[in-house]
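Right, one structure below, let's go through it.
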Amino acid sequence: MDMNDVIRFGGRGKPNGVTQAKAYEPGKGNVYCLVTTVCGVEFISYYCRMVVIDSWGIRLVNPFRRISVIKGGCDMADYLPKDLYVFCVARLEEIPVQEWMTRECY
């Protein structure tokens, strides 16, 4: 995939041409961001470095989100303890790694 490529998922059970699960990894120095739409407003909720997609859903492998510490003015990555499964209509966009993504929340 080229930078800023988009992977679209039409929702659980919707035919998207996928017959078997397929893993995707972004190019070097990039991550995927999960974009969902609620009432016409787009939200980026999680980021990851690998996804597995089949006709039933998207699996974000080792997903993380952005955490901001207001007092210290620092942003960092907060990793979920498990993989995240998404069954609704969504898209994954490939974006460059940002500095805050390299700092992990403990």
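The figures that follow rest on heavy atoms only: side chains count, while hydrogens, waters and symmetry mates do not. Since we're looking at a predicted model, the values are computed, not measured.
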Assess whether side-chain contact (heavy atoms from CB on, under 4.5 Å) is satisfied between Ile67 and Asp75, documenting all intermediate values. CA-CA 6 Å; Ile67 298 291; Asp75 296 333; over 6 Å; no

Full working for side-chain contact (heavy atoms from CB on, under 4.5 Å) between Tyr32 and Leu60: CA-CA 9 Å; Tyr32 286 123; Leu60 280 70; over 6 Å; no

Intermediate values then yes/no, side-chain contact (heavy atoms from CB on, under 4.5 Å), Lys22 and Ile53: CA-CA 5 Å; Lys22 184 173 180 182; Ile53 301 177; 5.7 Å; no

Is there a side-chain contact (heavy atoms from CB on, under 4.5 Å) between Val61 and Cys48 once you walk through the steps? CA-CA 6 Å; Val61 179; Cys48 67; 5.9 Å; no

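Between the side chain of Asp83 and the main chain of Asn62, a donor-acceptor pair closer than 3.5 Å is present. Between the side chain of Glu94 and the backbone N or O of Gly27, at least one donor-acceptor pair lies under 3.5 Å.
Both Val97 and Tyr47 are part of a single hydrophobic cluster, where members link through side-chain heavy atoms under 4.5 Å apart. Met50 and Leu84 sit in two unconnected hydrophobic clusters of ILVMFWY residues. Membership requires side-chain heavy atoms under 4.5 Å apart, directly or through other members. There is no path of hydrophobic side-chain contacts, each under 4.5 Å, that joins Val52 to Tyr24. Linking ILVMFWY side-chain heavy atoms closer than 4.5 Å, directly or via other members, places Tyr85 and Leu92 in two distinct hydrophobic clusters. Taking hydrophobic clusters as Ile, Leu, Val, Met, Phe, Trp and Tyr residues chained together by side-chain heavy-atom distances below 4.5 Å, Val31 shares a cluster with Trp100.
Within the model, atoms CE of Met101 and CG of Asn30 stand 9.5 Å from one another, a figure rounded to the nearest 0.5 Å. Between the CE atom of Met76 and the CD atom of Glu99 there is a distance of 12.0 Å, given to the nearest 0.5 Å. Considering CD1 of Ile44 and CD of Glu93, their distance stands at 6.5 Å, rounded to 0.5 Å. Within the model, atoms CD of Glu42 and CZ of Arg91 stand 4.0 Å from one another, a figure rounded to the nearest 0.5 Å.
Below 30°, between 30° and 60°, or above 60°: for Tyr79 and Phe64 the angle between ring planes is between 30° and 60°, a tilted geometry.
No side-chain heavy atom of Phe9 sits under 4.5 Å from any side-chain heavy atom of Ile7.
Contact detail for Lys82 and Pro63: the closest heavy-atom pair is O-CD, 3.7 Å.
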